[in-house]
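One structure below.
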Amino acid sequence: MPITSAQKSYLAGFLDGDGSIYVRLKPNKSYQYGFQVSPYVIFFQSSKNRKSFESLCSLLGFGYMRERKDGILEFTVGRKNDIKQFLSMVKPYVILKKKQVDLMEVILKRKEKVNNKNDFVKLINLIDSFRGLNYSKKRIKHTLTP
């Protein structure tokens with residue numbers, strides 16, 4: 001069943017308030033340039049609201065849920081195509097995280113076009129600029145010389 005405009009706007013509001021959009025660079029020697037680029041969209045909610053939260057997340061038909069030890073539920077969208085689909089759905093309605101949505105779309109496109117180390121360095125710089133848009137206690141500046 002297709003998601004309605006009202007549901008898309010609700011998901012966008014939920015993302016603005018209790019969600020996060022970010023990209024992690026995970027050190028991984030098996031990757032060509034020594035890092036794995038891992039994009040995520042995550043929603044957070046108290047496990048006290050599990051039933052409603054599960055109902056909301058089930059609208060998407062992708063992603064997965066886990067419960068943290070502190071009683072918070074996390075719903076994670078981590079597959080590139082699922083993230084693209086989700087962002088295109090909520091983009092017209094997002095307000096507070098509009099810059100993150102726009103930048104994530106650019107990063108996902110650029111990731112597909114990495115052909116050499118210089119391209120990868122440019123991608124890392126984009127990812128590092130993404131970190132400046134989010135509230136992070138552990139900001140890391142990545143460096144990789146071309």
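Since we're looking at a predicted model, the values are computed, not measured.
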Rounded distance (nearest 0.5 Å) linking atom [atom1] of [X] with atom [atom2] of [Y]:
{"X": "D18", "Y": "S46", "atom1": "CG", "atom2": "OG", "value": "10.5 Å"}
{"X": "M89", "Y": "K8", "atom1": "CE", "atom2": "NZ", "value": "7.0 Å"}
{"X": "F43", "Y": "M65", "atom1": "CZ", "atom2": "CE", "value": "10.5 Å"}
{"X": "L123", "Y": "L108", "atom1": "CG", "atom2": "CG", "value": "9.5 Å"}
{"X": "K117", "Y": "I124", "atom1": "NZ", "atom2": "CD1", "value": "9.0 Å"}
{"X": "Q32", "Y": "N116", "atom1": "CD", "atom2": "CG", "value": "9.0 Å"}

Would [X] end up clustered with [Y] when hydrophobic side chains under 4.5 Å apart are linked, directly or stepwise?
{"X": "Y31", "Y": "I127", "result": "no"}
{"X": "Y93", "Y": "L11", "result": "no"}
{"X": "Y40", "Y": "L96", "result": "no"}
{"X": "F14", "Y": "I72", "result": "yes"}
{"X": "V106", "Y": "V37", "result": "yes"}

With sequence neighbours left out, what residues match F75 under ring-ring contact (aromatic ring centres under 6.0 Å, His included)?
->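 By the ring-ring contact (aromatic ring centres under 6.0 Å, His included) rule, F75 matches no residue at all.
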
Do any N or O atoms from the side chain of S47 and from the backbone of G71 form a donor-acceptor pair under 3.5 angstrom?
->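 Yes.
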
Which atom pairs, donor and acceptor, lie under 3.5 Å between side-chain atoms of residues 77-87 and protein residues at least two apart or in another chain?
unit_1 : atom_1 : unit_2 : atom_2 : d
K80    : NZ     : E112   : OE2    : 3.2
K84    : NZ     : E112   : OE2    : 2.6

Shortest non-hydrogen separation from [X] to [Y] and the atoms involved:
{"X": "S20", "Y": "F44", "value": "CB-CE1, 3.9 Å"}
{"X": "A6", "Y": "S9", "value": "O-OG, 2.8 Å"}
{"X": "S58", "Y": "S55", "value": "OG-O, 2.7 Å"}

Applying the side chain to side chain contact (heavy atoms under 4.5 Å, CB included) test to Y33, which of V114, D119, N28 qualifies?
->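 Exactly one option meets the side chain to side chain contact (heavy atoms under 4.5 Å, CB included) with Y33, and it is V114.
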
Side chains of P39 and I107 in contact at under 4.5 Å (non-hydrogen atoms) |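 Sidechains of I107 and P39: no contact.
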
Taking the side chain as every heavy atom from C-beta outward, state whether Q100 and V94 have any pair of such atoms under 4.5 Å apart.
->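 No. Closest side-chain heavy atoms not under 4.5 Å.
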
Tell me, yes or no, whether the heavy-atom count around K26 atom NZ, taken from other residues, nucleotides or ligands under 6.0 Å, exceeds 12.
->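 Result for NZ/K26: enclosed.
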
